[in-house]
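To start, the structure under review is shown below, and the notes come after it.
By convention here, the first residue in the shown sequence is residue 1. Note that the structure is predicted; figures quoted are calculated from it, not measured.
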Amino acid sequence: MSALEVRTRDAEGTRQFARALAGALRPGDLLVLDGPLGAGKTTLTQGLGAGLGVRGPVASPTFVIERVHPSLGDGPDLVHVDAYRLGGGGEVDDLDLEADLDRAVTVVEWGRDRVEHLADSVLLIELERPDRVEDPLDPDEPRTLRVTPVGPRWDERSVLRLEAVLADLTGPHGTVDHGMLLGADQDPAPSAPEVSSGPSEPSAPSAPSEEDR
């Protein structure tokens, strides 16, 4: 299935994207976050928590593996998992994530090739950092986020809703606070963060480099 590609210029832009994405999620959704250390997986999950309206704070669950953030309203809980230190499917199964899948939105950092067997549908989000930046001391680097819906849960209607939610990010200046939804044949402005829709293949995970942001 075609991927949606989102570009943000800083960490707050990643959170803004995730808050918008939360509007397209339902109880039972499984999100797999893939990208190197420092790519912004926890930052993205913080935005999801804000968008879903769950109890915080949302932080990296590296040493506890799994955290459950109850909903403060009528929405689904957020189950936040860090699979970095987990081995094969057996260790994932020991967490008994299936018990929460139906009633929660489950987000698994480092989940690629580890948790897909838990559900017949996943939303894969790949986070990429630029190879070079103008100021290497600036913690707010741009990101490219590639969103790929997989499985029957993400049917045409669900994908159209996902596209519509991301399209709502569009602002008059194409800033990171709003984003921009582009067609596959449009050329994005180099300095403006945007969301584009077009065919894409999920890329292989990058090598870890530094503490996740």
Side-chain angles (χ1 to χ4, degrees), residues 4 6-73 75-86 92 95 97 100-101 103-116 118-119 121-129 139-150 162 165-166 169 176-177 179 195 202 205-206 208-213:
L4 295 171
V6 181
R7 294 183 179 90
T8 64
R9 72 175 57 163
D10 55 18
E12 183 55 30
T14 299
R15 294 188 188 95
Q16 292 271 1
F17 157 77
R19 282 194 284 268
L21 176 63
L25 300 179
R26 300 159 290 170
D29 283 337
L30 174 62
L31 279 65
V32 174
L33 307 187
D34 184 51
L37 285 164
K41 295 182 288 295
T42 298
T43 298
L44 190 149
T45 309
Q46 290 169 347
L48 286 173
L52 291 172
V54 301
R55 181 181 302 160
V58 175
S60 176
T62 299
F63 297 105
V64 297
I65 308 298
E66 175 188 4
R67 283 195 176 102
V68 178
H69 298 274
S71 173
L72 297 176
D77 297 341
L78 173 66
V79 177
H80 186 195
V81 181
D82 190 324
Y84 182 71
R85 287 177 169 79
L86 297 180
V92 172
L95 295 177
L97 295 176
D100 295 316
L101 276 178
R103 64 179 180 81
V105 169
T106 301
V107 179
V108 186
E109 299 186 26
W110 303 99
R112 195 172 192 175
D113 299 326
R114 288 185 171 98
V115 300
E116 288 88 349
L118 297 177
S121 302
V122 300
L123 189 65
L124 172 65
I125 303 179
E126 301 166 274
L127 299 93
E128 297 179 357
R129 303 176 60 180
D140 282 331
E141 301 168 351
R143 295 288 185 268
T144 298
L145 314 177
R146 189 171 296 109
V147 183
T148 306
V150 179
L162 176 63
V165 166
L166 296 183
L169 294 170
V176 71
D177 294 334
V195 180
S206 306
S209 59
E210 63 184 52
E211 183 178 357
D212 205 357
R213 190 184 72 193

Rounded distance (nearest 0.5 Å) linking atom NE2 of H80 with atom CG of L33
7.0 Å
Flag the pair V115 / V32 as yes when at least one side-chain heavy-atom distance between them is below 4.5 Å, and no otherwise.
yes
Kindly determine whether T8 and Q16 satisfy side chain to side chain contact (heavy atoms under 4.5 Å, CB included), including the steps that lead there.
CA-CA 9 Å; T8 64; Q16 292 271 1; over 6 Å; no
Sequence neighbours excluded, which residues qualify as side chain to side chain donor-acceptor pair (under 3.5 Å) partners of E116?
none
Do NZ/NE/NH1/NH2 and the carboxylate oxygens of R129 and E141 come within less than 4.0 Å?
yes
Looking only at atom types and distance, does a side-chain atom of R26 sit under 3.5 Å from a main-chain N or O of V105, one as donor and one as acceptor?
no
Between the side chains of E12 and R19, is the shortest nitrogen-to-carboxylate-oxygen separation below 4.0 Å, so that they form an ion pair?
yes
How close do A11 and T43 get, counting heavy atoms only, and between which atoms?
O-CG2, 3.6 Å
What distance separates L123 CG from L30 CG, expressed to the nearest 0.5 Å?
9.0 Å
Can you tell me how far the CG atom of L118 sits from the OG1 atom of T106, to the nearest 0.5 Å?
8.5 Å
Would a 4.5 Å heavy-atom cut-off, applied to side chains only, mark E109 and T42 as touching?
yes
Restricting to non-hydrogen atoms, name the atom on P70 and the atom on V68 that form the minimum distance, rounded to 0.1 Å.
CD-O, 3.4 Å
In chain order, what residues pass the side chain to side chain contact (heavy atoms under 4.5 Å, CB included) check against P57, with sequence neighbours excluded?
none
So, K41 side chain and G35 main chain: donor-acceptor pair closer than 3.5 Å or not?
yes
Rounded to the nearest 0.5 Å, what separates atom CG in L31 from atom OG1 in T45?
8.5 Å
Kindly say whether A39 contributes a backbone atom to a donor-acceptor pair with the side chain of R143 at under 3.5 angstrom?
yes
Kindly write out the residues that satisfy side chain to side chain donor-acceptor pair (under 3.5 Å) with R103, not counting sequence neighbours, or none if the list is empty.
D77, D100
Verify, without hydrogens or angle tests, whether E66 (side chain) and V81 (backbone) share a donor-acceptor contact under 3.5 angstrom.
no
Kindly indicate whether the side chain of L25, heavy atoms from C-beta on, has any atom under 4.5 Å from the side chain of P76.
no
About how many Å separate CG of L37 and CH2 of W110, when rounded to the nearest 0.5 Å?
4.0 Å
Here's a test for you: under side chain to side chain contact (heavy atoms under 4.5 Å, CB included), which of L21, T148, L48, V107 qualifies with I125?
L21
Partners passing side chain to side chain contact (heavy atoms under 4.5 Å, CB included) against V54 (at least two apart in sequence or in another chain):
L52, H69, L78
Side chains of L44 and L127 in contact at under 4.5 Å (non-hydrogen atoms):
yes
Please test F17 against V147 for side chain to side chain contact (heavy atoms under 4.5 Å, CB included), starting from the C-alpha separation and ending with a verdict.
CA-CA 11 Å; F17 157 77; V147 183; 3.7 Å; yes
Non-hydrogen side-chain atoms of D82 and S60 separated by less than 4.5 Å
yes
Value for CD (E126) from CZ (R112), rounded to nearest 0.5 Å, stands at 4.5 Å
